[in-house]
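Okay, so here's the structure we're looking at.
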Amino acid sequence: MVNIIWVLMTIIGIVFAIINGTIEQVNEAVFKGAKEAVTICIGLISILVFWLGLMRIAQDAGLLQKLANLFQPIVKRLFPEVPVNHPAMGYILSNMMANLFGLGNAATPMGIKAMEQLRELNGGSTEASRSMITFLAINTSSLTLIPTTVIAIRMTYDSASPTEIVGTTLVATFASTVGAIMIDRYFHYRRTRKKGGK
């Protein structure tokens, strides 16, 4: 569906540029955008390699496991249907740790694995379980402590203080995550009450 939307937007834009006589500007924007994309990707490689290496050291040193154990009581309350020793819990905690450190690319495979395990817990049903909805809500709330990707982009564009965004990121993370959990809980309890015939 998203692919269709992008194709339609591209076709409409090109047709409009032809009618409006601005196709040259469109060509210029396309090549300029492609050049900037390559520059940004190369800039991101350095900071991502640094953070991924740091995360690997933290993982080998047992720091991630300790952080996972620290957050386990909170995560257990968020996902009461998931047994503590189930693989889904490990993937959820790993996904959250990677997201907290701004490693979205590293978090994605663990998030997919967590969803697969949650689906197994749900009996393979195509209908999302409560835990799956909660996990998706928390993931889309931009759970981040260190916005690694944004810092890398700011460094690429010669920001005077690329890390000054960390403070506002913490506030935004707190507000969005608390908001997502509250909305998730509200709709869960409303659905539970409706099923109870109230």
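- Using a 4.5 Å cut-off between side-chain heavy atoms of Ile, Leu, Val, Met, Phe, Trp and Tyr, with links allowed through other members, V178 and F79 fall into different hydrophobic clusters.
- In this structure, the separation between CD1 on I133 and NE2 on H188 is 9.5 Å, given to the nearest 0.5 Å.
- The hydrophobic cluster containing V7 also contains V15, counting ILVMFWY residues as joined when their side-chain heavy atoms lie under 4.5 angstrom apart, directly or transitively.
- The cluster map of Ile, Leu, Val, Met, Phe, Trp and Tyr, joined by side-chain heavy atoms under 4.5 Å apart, puts V82 and I112 in different clusters.
- A distance of 4.5 Å separates CD1 in I181 from CD1 in I138, rounded to the nearest 0.5 Å.
- Under a 4.5 Å side-chain heavy-atom cut-off, the cluster of Ile, Leu, Val, Met, Phe, Trp and Tyr residues that includes I4 is completed by L8.
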Kindly indicate, with the supporting measurements, whether the criterion side-chain contact (heavy atoms from CB on, under 4.5 Å) is fulfilled by H86 and L121.
-> CA-CA 9 Å; H86 194 275; L121 272 176; 3.7 Å; yes

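- For the residue pair M89 and P83, the shortest heavy atom distance occurs at CB-O, 4.0 Å.
- When the side chains of ILVMFWY residues are joined at heavy-atom separations under 4.5 Å, either directly or via intervening members, I92 and I74 end up in a single hydrophobic cluster.
- Taken to the nearest 0.5 Å, the CD atom of E127 stands 7.5 Å off from the CG atom of N122.
- Screening residues 154-167 for salt bridge (charged side-chain N to carboxylate O under 4.0 Å, His left out) gives R154-E164 as the qualifying pairs, with residues at least two apart or on separate chains.
- Hydrophobic clustering, with ILVMFWY side chains joined whenever heavy atoms are under 4.5 angstrom apart, groups F135 together with L93.
- Smallest separation of non-hydrogen atoms from A88 and Q117: CB-CB, 3.5 Å.
- Annotation for E28: atom CD does not count as buried by contact number, only 12 or fewer foreign heavy atoms lying within 6.0 Å.
- None of T22, I14, N20 except one satisfies the side chain to side chain contact (heavy atoms under 4.5 Å, CB included) rule with I18; the exception is I14.
- Across all their heavy atoms, A180 and A137 have their closest contact at CB-O, 3.6 Å.
- Here the straight-line distance linking atom CG of N139 with atom OG1 of T177 works out to 10.0 Å at 0.5 Å rounding.
- Atom-to-atom distance recorded for I165:CD1 and T168:OG1 is 5.0 Å, nearest 0.5 angstrom.
- Note that CG of N95 is 13.5 Å distant from NZ of K113, once rounded to the nearest 0.5 Å.
- Between the R185 side chain and the T134 main chain, no donor and acceptor come within less than 3.5 Å of each other.
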